[in-house]
K.L.:
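Below is a structure I'd like to ask you about.
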Amino acid sequence: MLSRKIYLLVLFFFSLAGTTQNAPIKIPSLVHPIKKIEAMLLQEKSFENDTLALKKYLKPLKSTKELAVLYNALLANGYSNCLNKTNPKSEFHYLQSIKKANELKNKSLEIWTQLNYIMYLYHHKEYVTMTPLLLKMMERLEKVAPEQLILPGESFKKIGWIMQTLADYDNAFHYLNLAKKHTPQKTAEYAAILDAIGLNYFRVGNLKEAESYFQRTALLATQIKDEVRYAKAIGNLALVNQQKGNIKGAIALLSKDIRISEKGKSNQNTMYASILLAEMYLADKDWHKAKETLEKAEKIAYSKSYFKKSELKIIKLKLAILQHQNKTDNELVLLRRMMVLEDSLKNKDGDIAINNSYWLVQKTKFNQKLNKAEDQLKNESERKNIYAILIILILLLVFFFYQNTKKELKTKQLEHQQNILELELDKIKTEQKLSEANESLNAQVDYLKEKNVQIKKLKFEIDQIKQSSSDSSLEKKTGKLNNLLESHLMTESNWNTFRREFQKEHPEYYRLLEDFPEITNSNKRMLLLQKLEFNNQEIADLLGVTPDAIKKSKQRLKKKLGTKFTILFNTEKMIQS
């Protein structure tokens with residue numbers, strides 16, 4: 001009887017917990033419209049892969065046009081969390097939320113929905129797409145008082161984070177300080193802002209202020225029992241120690257950071273801290289621990305599509321370890337993956353994309369200043385100031401153009417080297433395949449067919465290079481592609497092996513050729529390849545001549561042999577093939 005009561009009591013608590021979990025979002029009865037919206041946004045929670053439960057949870061928000069804005073925005077966030085990548089469903093609902101906010105002409109909702117969408121693009125490293133939207137939103141933001149914004153502290157903090165990523169540290173300081181001003185102290189949000197300001201000071205080289213802010217963050221995190229934020233703070237303090245030359249102290253702090261982050265299931269921070277720790281071990285020449293630490297980071301980097309930049313860092317560190325250990329294990333695989341990642345990050349999360357976004361921000365800031373200056377222009381002295389600004393802009397433009405050109409050239413050089421490596425590997429594989437196969441005419445034909453495929457690839461690469469001045473100069477310097485192309489031509493040794501196997505397979509035809517003294521060795525090569533149904537282009541590629549040269553050679557041979565020519569081949573087929 002007692003056990004039955006216990007069972008019923010447990011069942012009651014489980015059903016109560018289930019009811020609470022499945023309870024829909026609450027719409028508060030607050031009069032102030034912004035406070036009402038903030039109260040609902042603070043109820044946002046993750047349903048992981050259960051999008052049906054998410055829709056049920058958000059269903060009350062479909063009751064009015066104003067709440068429908070939040071419904072679409074939070075549903076878009078839910079799809080993003082579920083799929084862990086940019087996706088059509090999220091895109092649709094983000095744009096719907098922005099559209100509905102615009103229709104209501106509600107400035108607070110308009111800015112919030114735009115920033116919500118911008119954070120989605122930022123989270124998935126779509127910096128090039130994000131930056132123009134961010135700049136437009138920031139322009140609108142300047143015309144609105146903080147009291148009219150939804151969650152102003154959080155909004156300013158998010159913009160500060162983005163500006164920091166784009167290396168616009170002045171703007172980052174501006175927005176992070178605004179965030180600090182509009183965020184209650186003794187909260188996790190306030191600790192995150194202190195940490196971000198410290199990181200900004202670190203990026204501009206002010207280690208004293210950076211260390212002070214990281215220590216304040218760690219202290220506050222301890223007081224409010226936010227263990228993950230504490231872990232991040234001591235991880236950042238490790239960076240300061242590294243800059244001061246205290247590698248041992250930095251390693252100890254990062255090791256503690258990782259232990260706490262793992263305990264708090266903060267995978268992203270565990271990955272970042274592990275990469276930093278591996279760098280420290282590398283600096284300390286502890287190759288074994290560096291490799292061991294990278295394996296932990298690698299598992300997390302593979303789990304999300306937007307961690308590619310971290311994966312690239314891991315690969316570069318692995319290559320550095322192999323170099324120090326004088327090992328070549330998996331070096332080729334790592335190099336290939338590095339090339340793929342660098343190419344995919346070029347217009348997304350790589351340095352070029354971030355530089356382009358930074359340049360766009362600077363350009364927009366300049367245009368805004370220029371417009372203000374033009375509005376206030378009253379005399380000649382102000383015009384001179386504008387000209388000075390224009391000169392600075394031109395100098396900046398030249399500088400960034402030069403930097404981008406350097407990076408693009410470096411990328412092209414790496415691509416060029418990768419292409420040469422792949423083509424050389426193809427050649428080695430083809431040669432190896434022939435050496436492993438039984439000597440036969442069929443094996444020789446397959447070998448020559450594969451050579452033709454590789455020759456076409458090489459000619460395509462050379463044609464592409466000729467269209468680019470930078471690539472052309474690189475190829476003139478190395479000459480590797482042309483050398484590789486020449487190595488594919490039929491050598492005397494190749495020809496003797498091929499002729500021997502041909503004689504075995506077609507002895508009558510070969511004896512027939514011997515009956516014609518007018519046929520030269522060069523004619524024989526052409527005729528034997530023709531007999532095996534190689535066309536003019538393929539024969540030309542293998543012999544290192546043009547298709548027209550092959551055609552003219554056949555015509556001359558026909559004229560020389562006269563009526564005897566038809567004994568060898570059908571004339572029309574020979575010339576037109």
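Positions are given from 1, in the same order as the sequence printed here.
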K.L.:
Roughly how far, to the nearest 0.5 Å, is CG of L121 from OG1 of T86?
P.N.:
8.5 Å

K.L.:
Do D168 and D170 make a side-chain contact, defined as non-hydrogen atoms from C-beta onward lying under 4.5 Å apart?
P.N.:
yes

K.L.:
If we only count heavy atoms from C-beta on, is the N116 to M119 side-chain gap below 4.5 Å?
P.N.:
no

K.L.:
Does the ring centre of F173 sit less than 6.0 Å away from the ring centre of Y201?
P.N.:
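Centroid separation for Y201 and F173: below 6.0 Å.
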
K.L.:
Taking atom types as modelled and ignoring hydrogens, do the side chains of S97 and N72 form a donor-acceptor contact shorter than 3.5 angstrom?
P.N.:
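On atom types as modelled, these side chains do not qualify, holding no pair under 3.5 Å.
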
K.L.:
Can you see which heavy atom on F156 is nearest to which on L149, and at what distance?
P.N.:
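Looking at all heavy atoms of both residues, the closest pair is CZ-CD1, 3.6 Å.
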
K.L.:
Has E209 got more than 12 heavy atoms of other residues, nucleotides or ligands less than 6.0 Å from its CD?
P.N.:
yes

K.L.:
Keeping the roles fixed (side chain from N200, backbone from Y169), state whether a donor-acceptor pair exists under 3.5 Å.
P.N.:
yes

K.L.:
Can you name the nearest heavy-atom pair linking G153 to T183, along with the distance?
P.N.:
CA-OG1, 3.5 Å

K.L.:
Say whether, by atom type as modelled, one donor and one acceptor occur between the side chain of Q164 and the main chain of A196 under 3.5 angstrom.
P.N.:
yes

K.L.:
Between E154 and K158, is the salt bridge (Lys or Arg N to Asp or Glu O under 4.0 Å) condition met? List the steps.
P.N.:
CA-CA 6 Å; E154 185 182 341; K158 288 174 179 177; 2.8 Å; yes

K.L.:
Hey, are H124 and S80 close enough side-chain-wise for a donor-acceptor pair under 3.5 Å?
P.N.:
yes

K.L.:
Would you check if K99 and Q96 make a side-chain contact, meaning some heavy-atom pair closer than 4.5 Å?
P.N.:
yes

K.L.:
Find the distance between CE (M130) and CE (M137) and round it off to the nearest 0.5 Å.
P.N.:
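Rounded to the nearest 0.5 Å, the CE-CE separation comes out at 9.5 Å.
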
K.L.:
Taking it one step at a time, do R229 and D195 satisfy salt bridge (Lys or Arg N to Asp or Glu O under 4.0 Å)?
P.N.:
CA-CA 8 Å; R229 177 56 58 190; D195 200 34; 3.0 Å; yes

K.L.:
Using a 3.5 Å distance criterion without hydrogens, assess whether the side chain of T113 forms a donor-acceptor pair with backbone atoms of E110.
P.N.:
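Flag set: sc T113 to bb E110 pair under 3.5 Å.
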
K.L.:
For the residue pair N267 and T270, confirm or rule out a side-chain donor-acceptor distance under 3.5 Å.
P.N.:
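Their side chains do not contain a donor-acceptor pair, so the 3.5 Å distance test is not met.
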
K.L.:
CD1 of I275 to CD of E298: how many Å apart, nearest 0.5 Å?
P.N.:
10.0 Å

K.L.:
Please check: side-chain N/O of N81 versus main-chain N/O of N77, any donor-acceptor pairing under 3.5 Å?
P.N.:
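Checking the backbone N and O of N77 against the side chain of N81, a donor-acceptor pair under 3.5 Å is found.
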
K.L.:
Under 3.5 Å, is there a donor-acceptor pair between the side chain of S90 and the main chain of N87?
P.N.:
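No, the answer is negative, given that no donor and acceptor are paired below the 3.5 Å cut-off.
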
K.L.:
In the structure I gave you, are the side-chain heavy atoms of E91 and Y94 within less than 4.5 Å of one another anywhere?
P.N.:
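Heavy-atom side-chain distance check fails, nothing below 4.5 Å.
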
K.L.:
Please walk me through it: do E211 and K244 pass salt bridge (Lys or Arg N to Asp or Glu O under 4.0 Å)?
P.N.:
CA-CA 11 Å; E211 187 172 24; K244 290 181 175 181; 2.8 Å; yes

K.L.:
Within the side chain of T64, is there an N or O that forms a donor-acceptor pair under 3.5 Å with the backbone of L67?
P.N.:
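Present.
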
K.L.:
Can you confirm whether the side chains of K186 and Q223 place a donor and an acceptor under 3.5 Å from each other?
P.N.:
yes

K.L.:
In sequence, state the C-alpha distance, the side-chain angles, and the governing distance for F47 and K56, and then conclude on side chain to side chain contact (heavy atoms under 4.5 Å, CB included).
P.N.:
CA-CA 11 Å; F47 285 83; K56 287 180 182 178; over 6 Å; no

K.L.:
What residue among M40, K35, E38 forms side-chain contact (heavy atoms from CB on, under 4.5 Å) with P28?
P.N.:
M40

K.L.:
Check I25 against L58 and note the closest heavy-atom contact, atom names and distance.
P.N.:
CG2-CA, 4.3 Å

K.L.:
Using atom types as modelled and distance alone, determine if a side-chain donor or acceptor of T293 lies under 3.5 Å from a backbone N or O of K289.
P.N.:
yes

K.L.:
Any side-chain heavy atom of L41 within less than 4.5 Å of one from L70?
P.N.:
yes

K.L.:
Mind checking whether Y175 and M138 have side chains closer than 4.5 Å, heavy atoms only?
P.N.:
yes

K.L.:
Give me the atom names and distance for the closest heavy-atom approach of P146 to H182.
P.N.:
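Distance-wise, the nearest heavy atoms are CB-NE2, 3.4 Å.
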
K.L.:
If I compare all heavy atoms of A210 with all of F202, which pair ends up nearest, and what's the gap?
P.N.:
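Taking every non-hydrogen atom into account, CB-N, 3.6 Å.
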
K.L.:
Hey, could you give me the CG/CD distance between L254 and Q242, rounded to the nearest 0.5 Å?
P.N.:
8.5 Å

K.L.:
Can you tell me how far apart CG (L317) and CG (L282) are? Round to the nearest 0.5 Å.
P.N.:
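The CG atom of L282 is 6.5 Å from CG of L317, to the nearest 0.5 Å.
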
K.L.:
Under the 3.5 angstrom rule, does the side chain of S266 hit a backbone N or O of Q268 as a donor-acceptor pair?
P.N.:
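Not confirmed, S266 side chain does not pair with Q268 backbone.
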
K.L.:
Considering all heavy atoms of both residues, which atom of V69 and which atom of L104 are nearest to each other, and what is their separation?
P.N.:
CG2-CD1, 3.9 Å

K.L.:
Any luck finding a side-chain donor-acceptor pair between Y71 and K100 under 3.5 Å?
P.N.:
no

K.L.:
Angle between ring planes, Y79 versus H93, binned at 30° and 60°: parallel, tilted or perpendicular?
P.N.:
parallel

